[in-house]
Amino acid sequence: TVRLWDAATRQPIGKPLTGHIGPVLSVVFSPDARRLATGSTDNTVRLWDAATHQPIGQPEPFSGNGIAQVAFSPDGRSIVTVGNSPADKPSTLRLLNLPGSTTVTELLNTICIRADRDLTPAEWAYYVPDLPYQRTCPD
C-alpha cells in the first residue's frame with residue numbers, strides 16, 4: 001500500500017494505492033504529474049492516475065528480485081526499471097514502453113546517436129538482457 005501525503009499539511013491525500021503484494025520500493029510522478037508509477041518487490045510495476053488514485057491498466061510483471069527503482073522518460077512515454085539485485089550481481093535495467101510510446105526503431109536510433117556507434121553484443125546483453133541482440137545503427 002502506498003499513501004500520498006501533503007507536505008504542507010502533513011495529511012494524507014485521497015485513498016491509498018493498493019494492489020502490490022510486496023513492499024513498494026519506488027514511487028515516481030510522470031513529467032506531467034498526471035500519473036504515478038510504483039515498483040515493488042512483488043516484481044511488478046503499476047501505473048496510477050495521480051488525481052483519482054485509480055490504477056491504469058494491468059500491472060506489468062518482471063522476473064527477478066523485485067523493482068528497486070522506477071523512472072519515467074523525459075517525455076513520459078516510457079518507464080525504466082532497475083532490478084533489486086543482490087550486491088554481488090549487476091542490476092538489470094528494463095524499458096517499458098507505454099501506449100503511444102517510442103517505437104523500437106526510434107529507440108535504436110537514439111542509442112546509436114548517443115553511443116555514436118553500435119552497442120557490442122556484450123553491452124547489449126548487459127543493458128538489454130531480455131531482448132535478442134540487434135544492431136543499433138543502420139548500415
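The structure presented is a predicted model; accordingly, all values stated were derived computationally and were not measured.
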May I ask you to decide if [Y]'s main-chain N or O and [X]'s side chain share a donor-acceptor pair within less than 3.5 Å?
X: Asp42; Y: Ile21; value: yes
X: Ser40; Y: Pro23; value: yes
X: Ser26; Y: Val70; value: yes

Validation row: [X], [Y] side chains within 4.5 angstrom (heavy atoms):
X: Asp118; Y: Cys137; result: yes
X: Arg3; Y: His53; result: no
X: Ile79; Y: Thr81; result: yes
X: Arg35; Y: Ile56; result: yes

Atom [atom1] of [X] with >12 non-hydrogen neighbours under 6.0 angstrom:
X: Arg135; atom1: CZ; value: yes
X: Ile13; atom1: CD1; value: yes
X: Glu60; atom1: CD; value: yes

Can you give me the closest heavy-atom contact between [X] and [Y], atom names plus distance?
X: Pro31; Y: Ser73; value: CG-O, 3.4 Å
X: Thr44; Y: Ile67; value: O-CG1, 3.9 Å
X: Ala33; Y: Ala50; value: O-CB, 3.5 Å

* Applying side chain to side chain contact (heavy atoms under 4.5 Å, CB included), run through Gln69 and Leu25 and close with a yes or a no. => CA-CA 7 Å; Gln69 294 182 338; Leu25 302 179; over 6 Å; no
* Listed by chain and number, what are the side-chain contact (heavy atoms from CB on, under 4.5 Å) partners of Pro55, not counting sequence neighbours? ->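 Testing Pro55 for side-chain contact (heavy atoms from CB on, under 4.5 Å), a comparison that skips the adjacent residues, returns Trp48.
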* With sequence neighbours excluded, residues passing side-chain contact (heavy atoms from CB on, under 4.5 Å) with Asn43 ->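 Scan of Asn43 (side-chain contact (heavy atoms from CB on, under 4.5 Å), adjacent residues dropped) gives none.
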Under 4.5 Å between side-chain heavy atoms, hopping through other hydrophobics if needed: is there a path connecting [X] to [Y]?
X: Phe29; Y: Val27; result: yes
X: Leu4; Y: Val45; result: no
X: Leu119; Y: Val80; result: yes

* Asked: Taking Leu36 as the fixed residue, which of Asp49, Val28, Leu17 is the one that meets the side-chain contact (heavy atoms from CB on, under 4.5 Å) rule?
  ->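 Only one option passes, and that is Leu17.
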